[in-house]
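All of these numbers come straight from a predicted model, not from anything done at the bench. The chains referred to below are lettered A, B, ... by the order of the sequence lines, with proteins before strands, and numbering in each begins at 1.
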Amino acid sequence: MNALSSEGQKDALAQIAPELLEKPKGETGPKELPPLPGAEDGKVVGRLAPYPSGPLHIGNARAFVLNDAYVKRYGGKLILAFDDTIGSEEKPVLPEAYDQVKEGLDWLGITYHDIVYKSDRIPTHYEWAEKLLELDAAYACTCDAETLRKNREAGRACEHRVQDADETIAMWKAMLDGEYEEGGAVLRLKTDMQDPNPAFRDRVLFRVSNRDHPRVGTRYHVWPMLEFSWAVDDHLLGVTHVIRGKDLVIEDQMETRLWDLFQVQPRPAFVHFGILRFKDLELSKSRYRREIAEGRLTGIDDPRTWSLQSLRRRGLRPAALRDFVLDFGLSLNDIEVAAETLYAENRKLVDEHANRYFFVPEPVTLEIHGLPPTEAAHPPLHPDFPGRGRRTVPVGPKFHVAKEDFERFRGQEVRLKDFCNVVLDHRATFVSLENKDIPKVQWVSHGGVQTHVVMPTGFESHGLAEPEVASLKVDDVVQFERVGFARIDHVSHAEVRAYFAHR
RNA sequence: GCUCCGGUAGUCUAGUGGCCAAGGAUAGAAGCCUCUCGAGCUUCUGACACGGGUUCAAAUCCCGUCCGGAGCACCA
């Protein structure tokens, strides 16, 4: 029965005991997401709003996967809207990041139907800003950031708030004409400086920046803030559902306030989810960018960045990541999960496909005395699928076992897996061939291939793999027995490099 | 400090007043199986933060307390 493929097993089961298949196991696949409020079939419009400062990482994946999952469930369209306003000194837009983001989305299997760039829409944002000026709902302010912060804290209005609308219009023109220095003026919404929520007191809508933008250069001196640009674009793009982290709830209020002023309908529904953290991981695109530049990380797919590219390189399946995030649903809880949970998801997907091979890290060489003449051992490619065939691991005269195993079992009888039992030492003694219930270790004899396994920590494990590893292909995901799953990254005549996924 | 949002087993999550003596996943333990420390199978451990209400009935509704998080950037 186990010899059958999982499909074959299902077919067989369907004949013997169909009722067993009826029961939804609950463990297969992610559970269903809750319905999306107000969603109509075929009419959901969602949007992805990446900020192109680097490749997407595992922490960004949640919002993207959720949006994609809902759009697929209800039918509709998903807009990839690069949120590439001018950003900040510490967090600049990077020209290469646009493609890096798309690469990550493609790998994740996210289907977007349209691409728009915030940086193309700045004139539109200006138009809508001017509507606000006509309503006298905003004012230009030249207080510096520090004063602004203090006033906000104290609930105190500055003199700009009460200036004439004409004055503001003149200042706005001056802002647009580039007459202010970087940070020299802002346009603020008149909410209420006494608003109980200090975060909501006359928020900034536009600011001055003269920095260079990779797509539009220095054409614009005035850039919209996220909430203003989205209030305009969510409306103009016909977005029906905004699904985002709860760290952005105040943006809901801002967008709503602006829509009230603009008197626009209909409005998207807001859906939030809680903050997701990874145990022992601090994800930061800007830090990784710096460390790559300093050469401390090998590139955007260095496993330490946890970028989607790096997960791909390790051989993780996008479906594992999707299931993993979807399992959190829309819960507003702030959660902290261990990467192990993702690995468990991936292991389920990868195990039956990953053929088994011996890899011996930090090899220790030994000779075996009394060994009967033997050409090779023939372990199965996969213990659960004998039909897949066997490997050939040549034998003698010298053997290599992992240093860790050698030190742990020295002087004891162990089994060179799928071959024979020996008392382990530099001069080992052959005991017998039959399979015994003693510790098994992986081993390599002659013809071993120099193999390097890049671990998630960046550490490289060097060792020898059995000869057949040299005929693997890039992208093959294998299991090195007793070590773990890895993706073959590079194969040359004498060397193999693999990226470790997980145990 | 202010505003908002949360608190179900170690970690995630299901649960929207009776079907919950709380389900699933993951982690952990034991056993079986297996020539891997993988997979599979079986069993077990383990939770409604606390205190008050409302109700015939509360994990589910209300109030308070405690704890956690986010926002209070001219970042997104």
Per the atom types in the model, does the base of [N] pair as donor or acceptor with the side chain of [X] at under 3.5 Å?
| X | N | value |
| --- | --- | --- |
| R152(A) | C72(B) | no |
| N333(A) | G68(B) | no |
| Q479(A) | A39(B) | no |

Test item: side-chain donor near acceptor, [X] and [Y], under 3.5 Å:
| X | Y | answer |
| --- | --- | --- |
| D252(A) | H272(A) | yes |
| D212(A) | T218(A) | no |
| H502(A) | N346(A) | yes |

Heavy-atom neighbours of E375(A) CD exceed 12 at 6.0 Å: no

For I275(A), answer base if it contacts any base atom (sugar-phosphate contacts may also be present), sugar-phosphate if it contacts only those atoms, and nothing otherwise; contact means non-hydrogen atoms under 4.0 Å. sugar-phosphate

At 4.0 Å (heavy atoms only), tell me whether S331(A) reaches a base, stays on the sugar-phosphate, or touches nothing. sugar-phosphate

Is there a Watson-Crick or G-U wobble partner for [N] with both distances under 3.5 Å, and if so, which one is it?
| N | value |
| --- | --- |
| G51(B) | C63(B) |
| C44(B) | G28(B) |
| G68(B) | C5(B) |
| A39(B) | none |

For K118(A) versus S229(A), what's the shortest heavy-atom pair and its separation? NZ-OG, 3.0 Å

Would you say the ring centroid of W223(A) lies under 6.0 angstrom from that of H125(A)? no

Aromatic centroids of F328(A) and F273(A) separated by under 6.0 Å: no

Residue R347(A), side-chain atoms from C-beta onward, closest of A70(B), A27(B), C12(B): A27(B)

Taking atom P in both A49(B) and A14(B), what distance in whole Å separates the two? 15 Å

Might you list the N or O atoms of the protein lying below 3.5 Å from N or O atoms in nucleotides 60-62 of chain B, with each pair's distance?
none

Indicate whether OP1 or OP2 belonging to A76(B) is found under 4.0 Å from a side-chain N or O atom of T85(A). yes

Pick the nucleotide of RNA chain B nearest each of L416(A) and A145(A); which residue has the one closer to the 5' end? L416(A)

